[in-house]
Amino acid sequence: MASVTFQNVWKRFGELTIIPDLNLQINDGEFIVFVGPSGCGKTTTLRMLAGLETPTYGKIFVDDEDVTLTPPGRRDAAMVFQSYALYPHMTVRKNLAFGPAIRGEAKSDIARSVDKVAQLVGLDKLLDRRPAELSGGQRQRVALARAMIRRPRVFLLDEPLSNLDASLRTQMRAEITQLQRQLGVTTVYVTHDQVEAMTMGDRIAVFDKGRVLQVATPAELYRSPASKAVGTFIGSPNMNILPASLQHEGETVRFDCLGTSFGVAAREFSGSLPQVVELGLRPDEIHWTKDAPSRCSEKISGTVTAIETTGSETFVLVDVAGTLINSKFPSFAPIHLGDQVNLVFDANDLYFFDGVSGVNLRLGSKEPSVV
Ligand SMILES: Nc1ncnc2c1ncn2[C@@H]1O[C@H](COP(=O)(O)OP(=O)(O)O)[C@@H](O)[C@H]1O
Ligand SMILES: [Mg+2]
């Protein structure tokens with residue numbers, strides 16, 4: 001087990017800076033997820049930790065050891081790829097035994113570790129099959145087992161579930177997190193899927209354009225996003241961003257937003273407020289007037305422009321004076337396209353973002369105090 005530190009790490013490919021100045025501390029035994037849109041530098045960061053890429057500048061530590069220039073084979077980091085990369089002509093047993101054999105481990109030791117790790121990931125009955133005779137999920141398990149048999153200090157997984165169908169993905173998510181808890185190995189898991197990140201990570205590092213926007217627990221990311229970018233990335237459907245104007249009235253700041261007006265105590269905000277703000281409102285914090293919690297006193301009206309029902313949930317897109325608002329309701333909603341509807345929300349559920357920088361202006365204080 002080990003902690004990992006990225007210290008002022010930069011990565012350039014030719015003229016292109018992919019990672020500008022990454023600083024990140026990963027705790028011993030932690031399951032951390034790197035999440036962010038495709039192309040934001042997650043794989044590159046993971047490959048630098050594995051030793052498959054060298055930082056252009058900066059240092060990487062595993063515990064107190066500077067591994068920046070240590071070759072991959074001597075890092076004790078095991079990596080699982082999206083493509084599994086199994087040897088097709090070898091049985092599962094041989095696939096698992098291959099690494100230890102190359103490292104010169106004794107045959108009896110290898111047989112014992114293969115049995116142990118196969119049992120752990122539920123492959124014990126499939127050891128004599130070849131990859132072609134396995135399902136996608138089973139192949140993924142072989143890839144995991146092959147990485148685990150190395151007893152690595154750090155376990156690196158790069159979108160390991162993206163080739164699996166949705167239901168298997170959900171099952172494997174749970175299996176991987178359980179396995180990680182059992183083994184306690186420091187794990188870095190890369191995904192572009194925020195649901196995967198939220199359900200699996202002890203902590204999540206949100207990447208965008210090579211930068212880490214925020215590192216926090218799933219609950220912190222959801223309730224206290226550092227910025228509009230994090231707020232809109234985490235949560236499904238996406239957080240709505242509403243235009244607003246503001247006016248100072250003594251100790252109160254008055255906001256006007258889509259025809260509704262409310263005051264918030266000025267002390268709620270860190271520092272002075274910018275000229276331009278945007279408000280964030282999550283789709284599940286919007287209600288129909290008739291079944292809204294009594295604390296909801298802000299009302300907006302609009303036209304229904306799209307309805308999507310999954311059975312357990314209904315997503316309704318409402319056009320409020322040109323702003324499209326995503327809302328989410330339990331079960332089937334008795335509404336139709338073109339209906340005029342009233343939506344209500346509680347101003348305490350809003351997020352306040354700087355309209356230019358996107359910084360969350362009320363960070364760490366999502367407690368009620370609308371006046
Ligand atoms: N070897 C390389 N040479 C040049 N550009 C690369 C190389 N590897 C990755 N990149 C670029 O770096 C950026 C980040 O890629 P990557 O780390 O794979 O992102 P992610 O895993 O988040 O999708 C992309 O724009 C990609 O095209
Ligand atoms: Mg990638």
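If you're wondering where the values come from, they're calculated on a predicted model, not measured in any experiment. Remember, it's 1-based here, ligands and their atoms both numbered in the order they're listed.
Here Thr43 reaches the Mg ion (ligand 2): one of its N/O/S atoms is less than 2.8 Å from the metal.
Among protein heavy atoms, atom 20 (P) of ligand 1 sits closest to Gly39 N, 3.5 Å. The nearest protein atom to atom 18 (O) of ligand 1, hydrogens excluded, is given as Thr43 CB, 3.6 Å; this is a heavy-atom distance. For atom 19 (O) of ligand 1, the closest non-hydrogen atom on the protein side is Gly41 N, 3.2 Å. Closest to atom 7 (C) of ligand 1, if we only count protein heavy atoms, is Phe13 CE1, 3.3 Å. In terms of protein heavy-atom proximity, atom 16 (P) of ligand 1 is nearest to Thr44 OG1, 3.6 Å.
A salt bridge between Arg295 and Asp349 is present, with a side-chain N of the basic residue lying under 4.0 Å from a carboxylate O of the acidic one. Between Asp109 and Arg112 a salt bridge is recorded (basic side-chain N to carboxylate O distance below 4.0 Å).
For ligand 1, the atoms closer than 4.0 angstrom to any heavy atom of Cys40 are 19 (O), 20 (P), 22 (O).
Cation-pi geometry between Arg282 and Tyr222 is met: under 6.0 angstrom from the ring centre, within 45 degrees of the axis.
Between Ile18 and ligand 1, no N or O atom pair is found at a separation short of 3.5 Å.
Under a hydrophobic clustering in which Ile, Leu, Val, Met, Phe, Trp and Tyr are joined whenever their side-chain heavy atoms come within less than 4.5 Å, directly or via other members, Leu22 and Val35 fall into different clusters. Each of Met200 and Ile32 belongs to its own hydrophobic cluster when Ile, Leu, Val, Met, Phe, Trp and Tyr are linked at side-chain heavy-atom distances under 4.5 angstrom.
Not a single heavy atom of Gly36 sits less than 4.0 Å from an atom of ligand 1.
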Assess the residue pair Asp28 and Ser3 against the criterion (side-chain hydrogen bond (donor to acceptor under 3.5 Å, both in side chains)); give the C-alpha distance rounded to whole Å, side-chain angles, the decisive distance to 0.1 Å, and a yes or no. CA-CA 4 Å; Asp28 186 9; Ser3 64; over 6 Å; no

For a side-chain hydrogen bond (donor to acceptor under 3.5 Å, both in side chains) check, start with the C-alpha distance between Thr68 and Asp66, then their side-chain angles and the critical distance, and finish with the verdict. CA-CA 6 Å; Thr68 316; Asp66 181 347; 2.5 Å; yes

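Protein heavy atoms all stay at least 4.0 Å away from atom 27 (O) of ligand 1.
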